[in-house]
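These figures come from a predicted structure and were not determined experimentally. Numbered from 1 within each chain, the chains take letters A, B, ... in sequence-line order.
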Amino acid sequence: MRKVRWHKLKVYNTLSGDKQTLDLNPEVSMYVCGPTTYNYIHLGNARPLVVFDTVRRYLEYKGFKVKYIQNFTDVDDKIIQRANELGQDPLELSNFYIEQYFADADKLGIIRADVHPRVSEHIEDIIVAIKTLIDKGYAYELNGDVYYRVKAFAEYGKLSGRSLDDMLAGARVEVDMRKEEAADFALWKSAKPGEPYWESPWSKGRPGWHIECSVMSTRYLGDTVDIHGGGSDLIFPHHENEIAQAEAITGKPFVRYWMHNGFITVNKEKMSKSLGNFFILRDILDRFPADVVRYYLVATHYRSPLDFDDGKLEEAGRALNRLKTTLILAEEFKAGGGAEVESAGGKGLELEEKINGLRKNFIEAMDDDFNTARAIGYLFEMSHQLNIFIADAAREDKQNQEAIRRTGKIFYELGSVLGIFTAPAVDSDSVSEKLLPIFGQLRNQARQEKNYALADDLRNWLSSQGIAMEDQQEDSRFRYDHLPEPNVLIEKLLALRAEFKKNKVYIQADFIRDSLQERGIIIEDTREGVRFKIVEK
RNA sequence: GGGCGGGUGGCGAAGAGGCUAACGCUGUGGUCUGCAAAAUCACCAUUCACCGGUUCAAAUCCGGUCCCGCCCUCCA
């Protein structure tokens, strides 16, 4: 296989404790620890999803082919406990939350992994791995349980940077005295009555937590994986144990680059299930657009802590809006004119040069340990340059349009690498969306007639519905995250029509009626009042 | 106690020996607008927790002090 060296791409490797130049083949393997599925995921769980999705997108942008694996822990004490409380089957419960997980992850624009392996589907592989560990002297059985013999693995502690002695000395856990060493951890646990189990040479039981990732990672990605990611709280013991297991079995390095993201905090305290200070992602997504949440997560470097509160998301929304406005402005600038010119000229060339320079900066930032925070800074500078050009340049000029087409594309692509331009557009076929131009035309008529009371009323009312109306030369631009139900808009239009009729402004009244009719909304004047129905078109 | 990371303007956040300390939010004033919004222009840290030191040069390196978070237990 061709060996490509990317001298520039650096990553902070937890294992070495410093930034290293990534030395990767054209095909990169990534394994990211996924959730234990006994609940909806919270915002803290969402950070690694977005972080490593962004790493993946960037590697792909650079031309690597990424094989991406993310597991689900669907066999676990917590799941069993929760299932018992609810009187449900543990695997069914887990299955439900896996589906919910995908719904959330999709909203955030997380690209699906090539494989999402589950523990329950790899019990056989796990049993084989445990057998091997016992055979090699790295594990021992104890009344149906199997433990990993930490002392047998000389390099134990190399990831988390601690020595076995320290751990034994400072152990705060209740120690099972049967174990050879306090630090030995379970590979196989025998089932208590009522617990789900699988047959094994040692007992009816289930795997310990750590073995699954060692097994599934090597199963899908080979003995050595390029990048293994997860939250920093997994460094010890989870990832430390993964190394001990996998390397004891294969005799090869398990992972080349370990990446760990920092935590989301609330009032500077780690957001965690045990502290109870967590926010369910779904609840947040009900209140804020998904692209805003993603922007918020990616606007800070992945290893830094990130504090959460609503104000931070509101700020993220305003900031992202600035970027998205440029997208809109560029689209409007190009509108009408086809790109029939080969090159941009004059000022357009200058713009291209600036944008290309900023693109280079963006790439340098991302090459330096995926510094999305700095990269976003360059995105804002691009946005600024584009806005200036759009404000000054003649939009009939084909060369100018070509310049915007090219530079706008770069801007859009880079934003997409971060995943912040990927929010699904509001359904453009929706009835509500089709109704908006009627408001636009009414407002413009009013403005032309200098009927500012009406013009302002229209804008204010829409604003109260969460729709911003921004005037341009001839028409108005609408901006919104959600649209109200069609009925709400229709009622408003009918109220306006009634007002027009009262004032005997029949042209306007009829304009509303006709416009609605064109969109498949029939209105009927009856003695009791106005009725309307929406007919499918 | 051991290990890791951090303290930068009103807020958030980059920068890790040498350009005016990015960028965003907020705020102020101007342009544009019927008024707005959006856009745009200008302004907003002589200073980077504190004290010493190295250096021609330090927010960035070294030593010390004070704070804060995280891991060492299930956790992303």
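Contact of A:Glu315 with B:G12 (side chain to base): no donor-acceptor pair of N or O atoms is detected under 3.5 Å. Checked by distance alone, A:Lys78 brings a side-chain donor or acceptor within 3.5 Å of a matching partner on the base of B:C74.
Looking at the side chain of A:Ala391, the nearest of the listed nucleotides B:A22, B:A36, B:A39 is B:A39. With distances taken from any side-chain atom of A:Tyr452 to the nucleotides B:A76, B:G34, B:A22, the minimum falls on B:G34. With B:G12, B:C25, B:A76 as the candidates, the nucleotide lying closest to the side chain of A:Lys312 is B:G12.
A:Tyr38 has its OH atom 7 Å from the C1' atom of B:C74, to the nearest Å. Distance A:Asp456 CG to B:C35 P: 11 Å, rounded to the nearest Å. Rounded to an integer number of Å, the gap from CG of A:Leu379 to P of B:C23 is 14 Å. When rounded to the nearest whole Å, the span between CZ of A:Phe236 and C1' of B:C75 equals 14 Å. The nearest whole Å value for the distance from the CD atom in A:Glu364 to the P atom in B:A22 is 18 Å. B:G3 atom C1' lies 15 Å from atom CG of A:Leu15, rounded to whole Å. Rounded to an integer number of Å, the gap from OH of A:Tyr302 to P of B:C70 is 20 Å. Computed from coordinates, the A:His384 NE2 to B:G24 P distance equals 8 Å when rounded to whole Å.
Within 4.0 Å (heavy atoms only), A:Asn387 reaches sugar-phosphate atoms of the nucleic acid but no base atom. Backbone-only engagement by A:Thr300 is indicated by non-hydrogen atom pairs under 4.0 Å involving sugar-phosphate atoms exclusively. Residue A:Arg322 is classed as a sugar-phosphate contact, given heavy-atom separations below 4.0 Å to backbone atoms only. Within 4.0 Å (heavy atoms only), A:Asp77 reaches no atom of the nucleic acid at all. When heavy atoms are screened at a 4.0 angstrom cut-off, A:Gly262 is found touching base atoms of the nucleic acid. Within 4.0 Å (heavy atoms only), A:Ala319 reaches sugar-phosphate atoms of the nucleic acid but no base atom. If you check every strand for non-hydrogen atoms under 4.0 Å, A:Gly230 touches sugar and phosphate atoms only. Using a 4.0 Å heavy-atom distance criterion, A:Ile235 is classed as making no nucleic acid contact. Contact annotation for A:Phe263: base contact, defined as any heavy-atom pair under 4.0 Å involving a base atom. Contacts of A:His42 with the nucleic acid, taken as non-hydrogen atoms under 4.0 Å apart, include base atoms. In this structure, A:Ser272 reaches the bases: a heavy-atom distance under 4.0 Å links it to at least one base atom across the strands shown. Within the nucleic acid shown, A:Gln472 has no heavy atom closer than 4.0 Å to any nucleic acid atom. Nucleic acid contact class of A:Ser304 (heavy atoms, under 4.0 Å, all strands): sugar-phosphate only. When heavy atoms are screened at a 4.0 angstrom cut-off, A:Ile264 is found touching base atoms of the nucleic acid.
If you check the side chains of A:Tyr97 and A:Asp74, you find no donor sitting under 3.5 Å from an acceptor. Between the side chains of A:Ser232 and A:Arg303, no donor N or O sits under 3.5 Å from an acceptor N or O.
Nucleotides B:G17 and B:A57 place their C1' atoms 8 Å apart, quoted to the nearest Å. For the P atom pair drawn from B:C44 and B:U28, the interatomic distance equals 16 Å after rounding to whole Å. B:C51 and B:C66 have their C1' atoms separated by 10 Å, given to the nearest Å. Of the P atoms belonging to B:G6 and B:A45, the separation is 27 Å, rounded to the nearest Å. Atom P of B:A59 sits at a distance of 11 Å from the matching atom of B:C50, rounded to the whole Å. When the C1' atom is used for both B:U40 and B:U33, the distance is 13 Å, rounded to whole Å. For the P atoms, the distance from B:G69 to B:G64 is 22 Å, rounded to whole Å. Only the P atoms considered, B:U46 is 10 Å distant from B:G9, to the nearest whole Å.
By the 4.0 Å N-to-carboxylate-O rule, A:Arg477 lies close enough to A:Glu332 to be salt-bridged with it. Salt bridge annotation for A:Asp76-A:Arg206: absent, with no cationic side-chain nitrogen under 4.0 angstrom from a carboxylate oxygen.
Across A:Thr372, A:Asp367, A:Asp53, a single residue satisfies side chain to side chain donor-acceptor pair (under 3.5 Å) together with A:Tyr58, and that is A:Asp367. Residue A:Asp368 forms a side chain to side chain donor-acceptor pair (under 3.5 Å) with just one option from A:Lys10, A:Lys19, A:His301, and that option is A:Lys19.
Residues A:Phe279 and A:His42 keep their aromatic ring centres 6.0 Å or farther apart. Taking the six-membered ring wherever Trp is involved, the centroid distance between the rings of A:Phe72 and A:Tyr101 falls below 6.0 Å. A centroid separation of less than 6.0 Å is found between the aromatic rings of A:His210 and A:Phe185.
To the nearest 0.5 Å, the span separating CZ on A:Arg479 from CG on A:Leu462 amounts to 14.5 Å. With rounding to the nearest 0.5 angstrom, the CD1 atom of A:Ile41 is 9.0 Å from the CD1 atom of A:Ile280.
Taking only side-chain nitrogens and oxygens, A:Asn261 never comes nearer than 4.0 Å to OP1 or OP2 of B:A76. Listed pair A:Asn371 / B:G15 meets the phosphate criterion, a side-chain N or O lying under 4.0 Å from OP1 or OP2. Close to B:C70, at under 4.0 Å from its OP1 or OP2, lies no side-chain N or O of A:Lys268. A sub-4.0 Å separation between OP1 or OP2 of B:G15 and a side-chain N or O of A:Arg374 is present.
Nucleotide B:U47: unpaired (no Watson-Crick or G-U wobble partner with both distances less than 3.5 Å). Using the Watson-Crick or G-U wobble rule with both distances under 3.5 Å, B:C25 pairs with B:G10.
The stretch residues 443-450 of chain A touches RNA chain B through A:Arg443, A:Arg447, each having a heavy atom under 4.0 angstrom from the strand.
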